[in-house]
Each structure stands twice: as C-alpha cells, then as structure tokens.
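Everything numeric here is computed off the predicted structure, so don't read it as measured data. In what follows, every heavy atom counts, from backbone to side chain, and hydrogens, waters and symmetry copies are set aside.
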Amino acid sequence: QVQLVESGGGLVQAGGSPRLSCAASGRSFGSNAMGWFRQAPGKNREFVAAIGWPGGTTNYADSVKGRFTISRDNVKNTVYLQMNSLRPEDTAVYYCAAGLLPRREAFYLWGQGTQVTVSS
C-alpha cells in the first residue's frame with residue numbers, strides 16, 4: 001500500500017550536479033528513516049546515504065561523502081539526493097528506500113530505481 005517513486009535521473013556530464021527525488025505515498029506510511037542505494041552493472045547494490053526521522057541524522061558512504069547531500073521534506077513526504085561533482089563511476093541505478101533506522105541493514109521498502117549515467 002506504500003510506494004516509493006524516484007525521479008531526476010538521466011544522462012549527465014562529469015562534474016554535473018543533478019538532484020534525485022523520491023516521493024512516498026500511502027496512508028499507512030509511518031515515520032521512517034529514508035535512504036539511497038545504487039547498483040552499477042555487474043555489481044551488488046551498495047549503500048549511498050541515509051537520513052533519520054525527522055531528519056537530523058545523516059550517514060554517507062565514503063565514496064560520496066562531501067559530494068552528495070541527502071535531505072527530506074516531511075510535509076511533502078519526499079527525500080532528495082543532491083549529487084555534486086559526478087564521476088563516471090557514479091553511473092548506476094539509484095534506488096530510494098524506507099526503513100526503521102538510518103542503517104543499511106534496516107531498510108525494507110524499495111522504489112523501482114532511476115538510472116543515472118555520467119559521461120566523461
């Protein structure tokens with residue numbers, strides 16, 4: 001009954017700064033932690049960033065810390081991932097997730113993903 005829908009992906013140039021959005025809908029959706037994961041071709045899905053409820057706590061993977069920023073708007077039920085200084089190795093399908101805590105093992109609900117392709 002709850003769904004997560006990502007948007008904002010596409011083809012970007014290296015060094016670009018797109019922003020991904022994830023909108024949550026459903027009357028039963030609670031006060032969840034939110035996160036972003038990504039999966040590159042031939043690789044496992046990896047943790048990118050997470051934000052707690054109501055949004056004061058954030059966590060980032062070492063590969064994106066200092067470049068990416070996660071934020072949320074609880075009124076709009078939307079979480080964002082601002083990506084700066086993109087590199088070709090950032091190319092992946094990016095997934096939004098909801099969980100009980102902002103820890104990578106605590107996420108249980110996933111969106112369909114949005115493709116981000118970084119050209120050099």
Side-chain angles (χ1 to χ4, degrees):
Q1 295 182 198
V2 177
Q3 62 178 3
L4 305 174
V5 181
E6 303 95 334
S7 63
L11 177 63
V12 298
Q13 189 72 27
S17 302
R19 186 182 71 166
L20 304 184
S21 298
C22 172
S25 62
R27 60 181 299 176
S28 62
F29 192 76
S31 302
N32 293 94
M34 301 295 295
W36 288 96
F37 292 72
R38 66 186 182 185
Q39 186 169 24
K43 297 184 178 181
N44 294 326
R45 188 174 299 186
E46 65 176 346
F47 169 77
V48 175
I51 185 167
W53 176 268
T57 300
T58 57
N59 294 297
Y60 297 93
D62 289 340
S63 60
V64 305
K65 191 171 185 178
R67 297 190 298 125
F68 293 7
T69 302
I70 187 171
S71 62
R72 65 191 299 167
D73 186 329
N74 296 324
V75 175
K76 297 181 178 180
N77 290 323
T78 302
V79 62
Y80 306 95
L81 184 68
Q82 177 65 59
M83 303 185 292
N84 298 322
S85 302
L86 282 184
R87 308 163 181 168
E89 53 264 40
D90 293 318
T91 295
V93 176
Y94 283 73
Y95 297 90
C96 177
L100 300 176
L101 295 170
R103 304 194 304 217
R104 64 191 71 192
E105 72 276 11
F107 291 93
Y108 64 91
L109 181 65
W110 302 83
Q112 296 299 307
T114 184
Q115 176 72 47
V116 175
T117 302
V118 184
S119 61
S120 59

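Counting only distance, with no hydrogens or angles, the side chain of Glu6 and the backbone of Cys96 share a donor-acceptor pair below 3.5 Å. The main-chain N or O of Gln39 is never found under 3.5 Å from a side-chain atom of Glu46 such that the two would form a donor-acceptor pair.
Here the straight-line distance linking atom CZ of Arg72 with atom OG of Ser21 works out to 14.0 Å at 0.5 Å rounding. Rounding to the nearest 0.5 angstrom, the gap separating the CE atom in Met34 from the OG1 atom in Thr78 is 9.0 Å. Between the CZ atom in Phe47 and the OH atom in Tyr60 there is a gap of 9.0 Å [rounded to 0.5 Å].
Residue-environment remark: CD (Gln112) stays at or below the threshold of 12 foreign heavy atoms within 6.0 Å.
No continuous path of ILVMFWY side-chain contacts below 4.5 Å connects Val48 to Val5, so the two sit in separate hydrophobic clusters. The hydrophobic cluster containing Met83 does not contain Tyr80, counting ILVMFWY residues as joined when their side-chain heavy atoms lie under 4.5 angstrom apart, directly or transitively. Transitive grouping of hydrophobic side chains (ILVMFWY, heavy atoms separated by less than 4.5 Å) keeps Val79 and Phe107 in distinct clusters.
Less than 6.0 angstrom separates the ring centroid of Trp110 from the ring centroid of Phe37.
For the side-chain contact (heavy atoms from CB on, under 4.5 Å) criterion with Trp53, the lone passing option out of Leu101, Asn74, Asn32, Leu100 is Asn74.
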* Should Asp90 and Val116 be marked as a side chain to side chain contact (heavy atoms under 4.5 Å, CB included) after you check the CA-CA gap, both sets of side-chain angles, and the distance that decides it? -> CA-CA 8 Å; Asp90 293 318; Val116 175; 5.8 Å; no
* Asked: After noting the C-alpha distance and the side-chain angles of Val118 and Glu89, does the key distance pass the side chain to side chain contact (heavy atoms under 4.5 Å, CB included) rule?
  -> CA-CA 8 Å; Val118 184; Glu89 53 264 40; over 6 Å; no
